[in-house]
Amino acid sequence: MSGVSRGSWSGQVGFVLAAAGSAIGLGNIWRFPFATSQNGGGAFVLVYIAAVVLVGMPILISEVLIGRSAQRNPVGAFRALAPASAWPLVGMLGVSAGFVILSYYAVVAGWAFNYLVAAAGGRLTAPTTAGAQRVFDSLTGSAGRQIFWEAVFMVTTIVVVARGVEAGIERASKILMPLLFAFLLVLLGYALTSPRAGEGLEFFLRPRFSELGWGGVLSALGQAFFSLSLGMGAMITYGSYLEQEHSVVKAAGLIVTMDTAIAILAGLVIFPLVFTYGLDPSAAGPGLVFVILPEAFVRMPASGFLATLFFALLLFAALTSAISLLEVVVAYLIDELDWSRATSSWGAGLVIFALGIPSALSGSFLGWADWIASELMLPIGGLFIAVFVAWILPATTVRSEYEGASGAIRGFRAWRFCVRFVAPVAVAVILLQKIGMF
Ligand code: PHE
């Protein structure tokens, strides 16, 4: 099953770019700011960073190890590494999470599409926060427009995935990510010099733990999984295209650093502007960046051009993430059911499009799907992935996979300690606390 039809990355750089492309997306720029705003600001950010370092990075390494040693999709990987066991169910959970996440992800990406076209047509002219809010509300109140843009985004994703890993993903990840980063730096300069920047920074950076609670801690953990594309096998799938000679640890370190930098940067841009424009951060929901950024652009010189460029870059980032979500499902269909890549991509993609329609019809459905996926499916999947690598895979396999052909064993003991104890205990305790509260 593996081998002939699988293909692989053109070396370490190709893998890092594609995995970073998966990680960096709406999770960083859309989800992280509004999750922070709903959970009291600075305390959420601190817990988020702790979750990224102590849980996210170790699980990221684990997923890549599983994928690379099995050379298969998430279900097939568990089946190959633990034959005649229930472990493939963890892979199935991941494939299901791929369906759920991509369904509403495409709706939100569709919003970005709508703003892109509006900006390019010179129609982003809301000069006030209330006006910008009305523009967003009218979009999310229109099933027709949302479903139309959701369809445009899904078809784009399907076409790229149908063309295969090499042609589709890798080429796309190379140029535009650094551009997005540079663009955010420019916005940062603008935001930090805005009148009420100080209050925004204080909200974003000063921890107020009393406002967090176990619900907020679970949200921060879920945000870490979501943002790093963990817990559902995306990194297992991408790892399965990575060759032996490359160092997993170095790659993981780069991916985590870039992803976290973009999220923090997004926060540093958004919150000064939130306060400057007089928005109540804790009341702002998923519309946060779609209200704040257009308003900022409208006040800048060359606003149409800047807004167009920004939404194009955001869409591109969303596309490389969506590709990885669809790729999990498609790799499963190709490896396990022997479907062709084209049939798998179109078949799964169209089903996911249909599953997304309820999220386009109802914001609360979208929120609910997002909650199920990021605060339940991903952490539970991640918990099992950590346990599998730490306690089920033979220690010798784990060690030799960790080294790769490079022979470098840097950080092995710290990593092993995290996957054996820290990550599973943290996820389990946080999930149980949250359940216990209700
Ligand atoms: N990490 C992506 C983002 O931040 C979303 C994603 C989640 C992608 C899970 C793949 C798997 O936008």
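Start at 1 and go down the list; that is how both ligands and their atoms are numbered. Excluded from the calculations below are hydrogen atoms, water molecules and symmetry mates; all remaining heavy atoms, backbone and side chain alike, are included.
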- Query: What residues come within 4.0 Å of ligand 1, counting heavy atoms only?
  - Reply: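 Residues near ligand 1: Ser22, Ala23, Gly25, Leu26, Gly27, Asn28, Tyr105, Phe226, Ser227, Ser229, Met232, Ser321, Ser324, Leu325.
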
- Sorted by first residue and then second, give each side chain to side chain donor-acceptor pair (under 3.5 Å) pair with at least one member in residues 365-387; sequence neighbours left out.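 Side chain to side chain donor-acceptor pair (under 3.5 Å) check on residues 365-387 returns Arg31-Asp370, Arg31-Ser374, Tyr104-Asp370, Ser219-Glu375, Trp371-Glu375.
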
- Query: Any side chain to side chain donor-acceptor pair (under 3.5 Å) pairs touching residues 279-293, not counting sequence neighbours?
  - Reply: Asp280-Ser282

- Residue set satisfying side-chain contact (heavy atoms from CB on, under 4.5 Å) with Ala51, at least two apart, ordered chain then number -> Leu221, Ala224

- Task: Taking atom CZ of Phe305 as the centre, report whether more than 12 heavy atoms of other residues, nucleotides or ligands fall under 6.0 Å from it.
- Result: no

- Is the Phe290 ring parallel, tilted or perpendicular to the Tyr115 ring (thresholds 30°, 60°)?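 Tilted, since the angle between the ring planes falls between 30° and 60°.
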
- Message: Has Ser359 got a side-chain atom pairing as donor or acceptor with Ala369's backbone, closer than 3.5 angstrom?
- Response: no

